[in-house]
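Here's the structure we're looking at; comments come further down.
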Number of protein chains: 2
Amino acid sequence: MITANDHQDVKKEKILEAAHHRFLHFGYSKTTMNEIAGDLSMSKALLYYYFPDKSQLYVAVMRKVADGYLKSLTDRINTFADLKEAFIFQIDTQHEFIVTNYNFFDFFRLNEQNLPDAIWEIVTQVHESETHMLVSAIKTEVDRGKIKPVANPTEIVELLLDALHGVRVKSVSHKKTMFPNKEHLEEIRSKRLLLADIFIKGLMY
Amino acid sequence: MITANDHQDVKKEKILEAAHHRFLHFGYSKTTMNEIAGDLSMSKALLYYYFPDKSQLYVAVMRKVADGYLKSLTDRINTFADLKEAFIFQIDTQHEFIVTNYNFFDFFRLNEQNLPDAIWEIVTQVHESETHMLVSAIKTEVDRGKIKPVANPTEIVELLLDALHGVRVKSVSHKKTMFPNKEHLEEIRSKRLLLADIFIKGLMY
DNA sequence: TCCTGACTTTTTTAACAAAACTATCAATTT
DNA sequence: AAATTGATAGTTTTGTTAAAAAAGTCAGGA
């Protein structure tokens with residue numbers, strides 16, 4: 001049977017969808033509670049019945065979005081033929097995640113320094129999940145005797161992630177466009193793959 | 001004998017020094033032409049006699065600052081015992097350059113997207129000089145038979161520079177402070193050295 | 001040629017009202 | 001009781017305008 005709580009969950013889900021749609025297309029600051037309510041033909045007050053305020057609604061959407069990403073990572077952990085495949089997967093998956101949610105993340109660029117704790121937790125969790133996946137891949141590779149034993153795999157993975165991040169930042173700041181186009185994205189990707197390649201060789205015997 | 005042009009140059013030099021001092025301590029937007037003139041006990045109008053406007057005065061100072069940096073690079077080119085030494089030199093020199101001129105560069109952060117062409121030229125020149133130094137170091141290392149021949153050394157160097165940049169960006173955004181402190185700087189440096197280390201190994205046979 | 005004081009123009013700042021938006025709540029419907 | 005809303009209070013953003021500050025010009029003097 002359908003309980004009251006189930007019904008609430010369904011409604012919350014509808015709200016999350018509508019909110020996600022707005023946030024994704026217009027960004028956080030350019031979508032109003034009225035608009036989200038309007039999309040669902042409900043009153044704004046009802047949104048506040050289900051969610052305490054706008055930023056916590058955003059966090060809830062972020063939670064959902066992040067969960068999808070986390071799932072795509074955990075689904076593939078320990079399924080890689082070698083370390084390179086793991087790195088490529090990380091590069092492509094993260095890249096797609098960021099590109100498809102670009103406007104949604106304007107909340108981050110907006111609040112730059114002081115993001116809500118709840119957001120930081122999600123960001124941290126995502127980062128840990130990425131790291132965990134790659135650390136696992138490194139350990140496997142070590143076990144297979146393909147690369148040297150690594151004293152601190154986490155440190156190594158985070159170093160590579162920072163480095164990969166730099167490839168994007170620099171690429172974007174060099175061209176002056178904020179939103180990179182197709183060829184540009186492909187350039188970033190190939191640079192990253194090259195970096196990952198050299199990096200892996202640097203871990204070998 | 002002292003010609004009129006010499007005299008102009010001397011005076012321009014004085015102005016550049018005073019301007020540099022102000023820009024360095026208070027940033028571009030927080031220093032006025034009146035203040036620079038005041039420091040030199042001259043009238044503001046005289047500044048405009050020597051420099052067409054404020055931004056071109058800034059560019060001239062930038063030119064001087066950059067020249068100092070360029071010289072420190074060219075002085076050491078082809079003097080490195082090995083590739084690692086060259087990378088370490090690049091890391092440390094650039095790092096010190098940025099730290100000691102931090103406020104001076106607020107002009108960059110201010111105008112973010114549309115810097116004057118003259119500034120872009122300088123930035124490009126600096127970047128090319130850094131790249132050239134490291135490319136040269138790579139070629140030497142190849143000649144010595146220490147690393148594999150590299151099809152496109154410039155591409156490799158730029159990749160490393162991007163990656164090193166990422167280490168700083170990420171480190172800074174992770175901690176929430178904009179201006180990193182001593183230990184923080186040391187952490188960035190050690191991460192970069194580690195990255196350079198792995199990178200070099202990745203270029204070996 | 002070098003320099004200045006006085007002047008004009010442009011940009012930044014401050015104050016404040018209007019508008020837009022977030023958030024609340026008593027009242028109403030299901 | 002749970003779900004919903006219109007009306008409204010409170011807050012932030014935006015627009016307006018006047019004053020202040022700074023950039024930039026110029027006629028004229030040493």
Side-chain angles (χ1 to χ4, degrees), chain A residues 1-19 22-23 25-62 106-107 109-116 118-119, chain B residues 1-19 21-23 25-61 106-107 109-112 114 116 118-119:
Chain A
M1 73 175 251
I2 294 168
T3 70
N5 260 334
D6 283 339
H7 178 252
Q8 276 222 356
D9 289 348
V10 168
K11 197 117 201 184
K12 276 194 176 184
E13 196 53 38
K14 286 247 189 287
I15 294 173
L16 289 179
E17 275 169 34
R22 283 278 169 184
F23 290 148
H25 289 296
F26 308 103
Y28 182 79
S29 57
K30 291 273 174 68
T31 95
T32 72
M33 294 300 262
N34 256 323
E35 287 164 348
I36 296 172
D39 290 349
L40 295 161
S41 309
M42 59 169 62
S43 76
K44 178 180 54 173
L46 191 54
L47 287 186
Y48 286 94
Y49 178 77
Y50 288 101
F51 293 93
D53 61 36
K54 189 183 175 184
S55 79
Q56 288 186 65
L57 171 57
Y58 179 85
V59 169
V61 177
M62 179 73 216
D106 84 331
F107 183 83
R109 292 181 283 271
L110 200 70
N111 296 43
E112 198 85 23
Q113 284 317 63
N114 41 281
L115 291 170
I119 290 285
Chain B
M1 74 174 248
I2 294 169
T3 70
N5 260 334
D6 284 340
H7 179 251
Q8 276 223 357
D9 289 347
V10 169
K11 198 117 200 183
K12 276 194 176 184
E13 195 53 40
K14 286 247 190 285
I15 294 173
L16 289 177
E17 275 169 34
H21 185 258
R22 283 278 171 185
F23 289 147
H25 289 297
F26 307 105
Y28 181 79
S29 57
K30 291 272 174 68
T31 94
T32 73
M33 295 299 264
N34 257 323
E35 287 165 347
I36 297 173
D39 290 348
L40 295 162
S41 308
M42 59 170 59
S43 74
K44 179 181 55 171
L46 191 53
L47 287 186
Y48 285 94
Y49 178 77
Y50 287 101
F51 294 93
D53 61 36
K54 189 183 175 184
S55 79
Q56 288 185 65
L57 172 57
Y58 179 86
V59 170
V61 177
D106 84 330
F107 182 83
R109 291 182 283 271
L110 199 70
N111 296 41
E112 198 84 26
N114 43 282
I119 290 285

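In what follows, chains are A, B, ... by sequence order, proteins preceding strands, each numbered from 1.
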Stepwise side-chain contact (heavy atoms from CB on, under 4.5 Å) test for B:F26 and B:E35: CA-CA 11 Å; B:F26 307 105; B:E35 287 165 347; 5.9 Å; no

Distance check needed: [N] [atom2] versus [X] [atom1], whole Å only.
X: A:F26; N: C:dC21; atom1: CZ; atom2: C1'; answer: 17 Å
X: B:Y28; N: C:dT12; atom1: OH; atom2: C1'; answer: 14 Å
X: A:I36; N: C:dA23; atom1: CD1; atom2: P; answer: 11 Å
X: B:K14; N: C:dC2; atom1: NZ; atom2: P; answer: 16 Å
X: B:N34; N: C:dT4; atom1: CG; atom2: C1'; answer: 13 Å
X: B:Y48; N: D:dA22; atom1: OH; atom2: P; answer: 12 Å
X: B:K12; N: C:dC3; atom1: NZ; atom2: P; answer: 13 Å

cation_pi(B:K54, B:Y28) dist<6.0 Å, angle<=45: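 Positive - B:K54 is close enough to the ring of B:Y28 and near enough to its axis.
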
Ring-face cation of B:K11 near B:Y50 (centre distance under 6.0 Å, axis angle within 45°):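 Not satisfied by the 6.0 Å and 45° rule.
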
Neighbours of DNA chain D within residues 53-62 of chain A, by heavy-atom distance under 4.0 Å: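 Those residues: none at all.
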
Partner residues of B:P116 under the side-chain contact (heavy atoms from CB on, under 4.5 Å) criterion, sequence neighbours left out: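 side-chain contact (heavy atoms from CB on, under 4.5 Å) check on B:P116 returns B:F107, B:I119.
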
Verdict with supporting geometry, B:L57 and B:M33, side-chain contact (heavy atoms from CB on, under 4.5 Å): CA-CA 10 Å; B:L57 172 57; B:M33 295 299 264; 4.2 Å; yes

Derivation and outcome, side chain to side chain donor-acceptor pair (under 3.5 Å), residues B:S55 and B:D53: CA-CA 6 Å; B:S55 79; B:D53 61 36; 3.2 Å; yes

Protein-to-nucleotide contact annotation, 5' to 3' order, nucleotides 4-10 of chain D [B base; S sugar-phosphate only; - none; under 4.0 Å, heavy atom]: BBB----

